[in-house]
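Written out below as structure tokens is the structure these notes cover.
Hydrogens, waters and symmetry mates play no part in the numbers below; they use all other heavy atoms, side chains included. Lettering of chains follows the sequences in order, A, B, ..., and the numbering in each one begins at 1. For clarity, every value in this text was computed on a predicted model and none was experimentally measured.
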Amino acid sequence: MSEPGSLAWWHDVWRCFAASVRDQRTWLDDLDAAIGDGDHGTNLNRGLERALGALETSQTPRAGLRSVGMALLGTVGGASGALWGFGWTKASAAAGDGTGAPTPDEVVATLSLFRDAVLERGHAELGDKTMVDVLVPALASLAAELGTQRSFAEAAATAASVASERAESTIPLVARKGRASYLGERSAGHEDPGAASMALFFACLGEVS
Amino acid sequence: MSEPGSLAWWHDVWRCFAASVRDQRTWLDDLDAAIGDGDHGTNLNRGLERALGALETSQTPRAGLRSVGMALLGTVGGASGALWGFGWTKASAAAGDGTGAPTPDEVVATLSLFRDAVLERGHAELGDKTMVDVLVPALASLAAELGTQRSFAEAAATAASVASERAESTIPLVARKGRASYLGERSAGHEDPGAASMALFFACLGEVS
Amino acid sequence: MKKVINEVDHVVDESLDGLAAAFAPWVRRIEGTHVLARAVAKPSGRVGLVSGGGSGHEPAHGGYVGEGMLDAAVAGEVFTSPTPDQILEGIRAADHGAGVLCVVKNYTGDVMNFDIAAELAKEEGIEVRQVVVNDDVAVEDSLYTSGRRGIAGTVFVHKIAGAAAERGDDLATVAAVAERVIANVRSMGLALAPCTVPARGEPTFTLGEDEIEVGIGIHGEPGVRREPLRRADDLTDELLDRVTSDLGLESGASIAVMVNSMGATPLLELGIVARRVYQVAAERGWHIRTAWVGEYMTSLEMAGYSITVLRLDDELAALLEAPASTAAVRVAR
Amino acid sequence: MKKVINEVDHVVDESLDGLAAAFAPWVRRIEGTHVLARAVAKPSGRVGLVSGGGSGHEPAHGGYVGEGMLDAAVAGEVFTSPTPDQILEGIRAADHGAGVLCVVKNYTGDVMNFDIAAELAKEEGIEVRQVVVNDDVAVEDSLYTSGRRGIAGTVFVHKIAGAAAERGDDLATVAAVAERVIANVRSMGLALAPCTVPARGEPTFTLGEDEIEVGIGIHGEPGVRREPLRRADDLTDELLDRVTSDLGLESGASIAVMVNSMGATPLLELGIVARRVYQVAAERGWHIRTAWVGEYMTSLEMAGYSITVLRLDDELAALLEAPASTAAVRVAR
Ligand SMILES: Nc1ncnc2c1ncn2[C@@H]1O[C@H](COP(=O)(O)OP(=O)(O)O)[C@@H](O)[C@H]1O
Ligand SMILES: Nc1ncnc2c1ncn2[C@@H]1O[C@H](COP(=O)(O)OP(=O)(O)O)[C@@H](O)[C@H]1O
Ligand SMILES: [Mg+2]
Ligand SMILES: [Mg+2]
Ligand SMILES: [Mg+2]
Ligand SMILES: [Mg+2]
């Protein structure tokens, strides 16, 4: 296993995420078809191929994550393209520039910048039935567990299970942001696709650590 | 039974024909859908209601059949509208003007003018898979049977069965006139809708005589 | 049947009312008829142009009434040729003392009903000529059949003959120009899904998930052949090949092209077809002067498209590019 | 899925090629991008207008590029908002030194991607303003949600703001005119049948033979309510009522109307809708100055239609009727 926060580790994370989205593309599209426009899996999948390529030619985590963000911004489109793309161009600022050894704190700082950017762009709050409903609590769990001196691998595994629970708990919610909000009450009873894909991302953090 | 060729008899004929077409409208449309555009029953039906009304306000067979022709011409549309409409405006010239007693010969003369007008307008020949394939032999049968001193009722019954046979024998033919001709070989295997409705007309000649 | 209609029997009548109102800058409905005539009649002494046919081909034919194109359009019931009395009304409205040219699509019903109307008009002292458009190469042309059908190429006849009439050509000349278009225009279409005539309530044919009908007309009829769906480029190559080889189109030729949706096929897909047409034209040395891509001669909500190619000479090109102002076609001065 | 396409992944790219070729009198494709810009740029010193969104709404948005309307249209994948780098290309092409107005439909994705692009453009020294169209009354408007969607009314914004930009208004004025249109335009639509996004290959929803979705957007989404199909006049009355009561439309008002097909619903049926709109307007004392009836903001091959009403004042009416020359909208001088 590579060191959390190292370039190799980020490679593993994005390779894992790209593979999950590729495998679950139809499922994500189906979730989006129920309450949105049916393209969420297709959108992310289109961008992740490109993001992987960009990451592979980068020398540092910081440069690599910035180019991941740019690649997502330029290929995904839609709401998730803006959020994931913009989010990672911002998040990269906290990632290592290759001068010091990678630390778990660096990973948390990076993910926190990502979360802040997503909140800044999307103005979504907890309970609006979006990816934020997964991102915020899963990241909080990761940070908290690390604070109790657990290993990164353990903390990431816990965060992954929080993410997966929170994704499922978007099911009864009525959407207040994004395309699903146009359905009003009809949006209840379906898992939010963006929450589902965010849970896949956290699952990868757990898996590769 | 009214006298063949009398105004009352023509009323009976057209009432019968209008009723058959109304009853068989979907069947005629279906026949037309297979090799044409699916409107033959609907077309004729639309016109026959109007034709009956026109006939009812007429004083003589000649005036009545002319107004039948005009009504068909103005309401049916399509190939059959032109042929049936134009045909009866022409045919009316041989029908009684109310001065003498109606005769079977008058009926044959009237139907002959109708046939001539249909051939003149449509340029169809026997075997082209059109209403002509019924009209020509059925009318020939009527005239021939009358020539052998059979009663009009008997002759008309024979003509009706000739008409029905000939309609069915359009099934294997490849259409060479009308919309069905565009299908080429694919038009074989289906009864021609115009032949089918013409047979309904001859059936009525038999039925009311 | 799922349609935005009230009564099945009132579809054409009600639609004409609405379209006449919306298209008021160009057309007016002649009261009590199915005729849309120009809102502002052309000057007297100019040849009039009349066309028409069954309804269900919108924007044909009322969408082509206006300056530089038709003077009157006569609508029959859905897919049913109009009756002679209606056509006669159209001819009367289009007559401004220099005679009237009727542009008829080659269907037995249309031809016969226009023939009868022309005879009636002549009895009223109106000079009438007819041209019969038969651009559909899907159907074999033979002396012993009704010949080819008239389909989307008819719109080019309206545009070009309309421009000739507008500039003041006499009836014989306008008819000759129309005949020149007819001699140089060919089309062919295919369907991915049928349409439903309101009065019938059921699709005109049924197709499997992967089947198409090649060589369809514009009345919901099945085509001359059923086959599996292929890539857009393959389909386009075949249609284009059939159309241009029938035309004997030579390298260096100047052409106008129409990529026409049958109704449900969206412009997004027509763009893919147009791209291929331009590619093939570049390979074969044909110069595309104008491409009309959109809905010009539809078949209700049928899915599919047709390709039309018109060989241009300088005069036909100039007339095609001459000003026009109708609800569906506008060419600026 | 039955579509006239080659590869699912190339649909937008190939279609843009074909449409750019066919629409060459009005647009050119900026190489390597999904941007259609004017074939002939407007004079420098005039405000530029950019719009865009997912593909699948054709003729939106490329069909509205040209004199009197947009300067550039940016196309995303089917029903997916375009990316900021593409939008930035559009803004660059539209900039002629007087700033650029982006006309954005209110969808989270569109708004965020246009926002990011505007920030990038500002970094390059281009003055950029945005207006967000939210005309869909089907969706409840609330501070706590993303608000209403932008649908067909957007085309009236293009036309009117485009005319203001063309006559030389400065950026603030053009933006204010656009906001006035947005404040006075409302729309609502319904679907009789869904559409199929090529990349997905399956219909976006399924409906029973007698069911419709009321209150649909333009991305194949289900509407806010499912209900039985009714007569065209009933459906039209309801849409019109929702739209005009939200607008608070007063007797004596001057309006522009759009009856927009979602794709598969043919002009024949739109005519029936238009007829009813004119009837109701006459009863309620609304004066319809202009009615646009046809395909303006589609949802691939979805069956259904939307109704848009724009309350006009003298200036908006004059700008709506000002000359325009684009592939899809042409108003003569
Ligand atoms: N304002 C927002 N803030 C955070 N997440 C959002 C917001 N709007 C939408 N999303 C997320 O984006 C997901 C949809 O992404 P996607 O389908 O790719 O984009 P689009 O809605 O443009 O088609 C939603 O499921 C939701 O989780
Ligand atoms: N040239 C012709 N001569 C005689 N009958 C014809 C001719 N063309 C068509 N018909 C008849 O008309 C029938 C079709 O009538 P109809 O469906 O009402 O008209 P359309 O073909 O215009 O839809 C055909 O079945 C055929 O019998
Ligand atoms: Mg989506
Ligand atoms: Mg028929
Ligand atoms: Mg017919
Ligand atoms: Mg989307």
Tell me whether the rings of H219(D) and H57(D) are parallel (<30°), tilted (30 to 60°) or perpendicular (>60°). perpendicular
With only heavy atoms counted, which part of S187(A) is less than 4.5 Å from chain D, the side chain, the backbone, both or neither? neither
If you count heavy atoms of other groups shown closer than 6.0 angstrom to NZ of K90(A), is the number above 12? no
For D37(A), is it the side chain, the backbone, both or neither that has a heavy atom under 4.5 Å from a heavy atom of chain D? both
Any chance the side chains of W9(A) and S209(A) put a donor and an acceptor closer than 3.5 Å? yes
If you count heavy atoms of other groups shown closer than 6.0 angstrom to CZ of R50(A), is the number above 12? no
Chain D contact via R186(A) - which portion, at a heavy-atom distance below 4.5 Å: side chain
Most chain D-contacting option - heavy-atom pairs closer than 4.5 Å, from I35(A), T26(A), D30(A): D30(A)
Contact part of D85(D) toward chain A, heavy-atom cut-off under 4.5 Å: side chain, backbone, both or neither? side chain
Side chain from CB out, backbone as N, CA, C, O: work out which of these in E221(D) comes under 4.5 Å of a heavy atom of chain A, or both, or neither. both
Options S80(A), G38(A), A124(A), G85(A), ranked by heavy-atom pairs under 4.5 Å with chain D, top entry: G38(A)
Taking atom CD of E125(A) as the centre, report whether more than 12 heavy atoms of other residues, nucleotides or ligands fall under 6.0 Å from it. no
Classify the side-chain pair S2(A)/D12(A) by whether it contains a donor and acceptor separated by less than 3.5 Å. yes
With distance as the sole criterion, is a donor-acceptor pair present between the side chains of D97(A) and T60(A) under 3.5 Å? no
Which of A199(D), G53(D), G220(D) touches chain A most, by non-hydrogen pairs under 4.5 Å: A199(D)
So, the part of N43(A) with a heavy atom under 4.5 Å from chain D: the answer is side chain
Residue, of T42(A), L73(A), V76(A), that accumulates the most heavy atom pairs under 4.5 Å with chain D: L73(A)
Heavy-atom pairs under 4.5 Å with chain D: which of G77(A), G78(A), A79(A) has the most? G78(A)
With a 6.0 Å cut-off on the ring centroids, do W88(A) and F201(A) count as close? yes
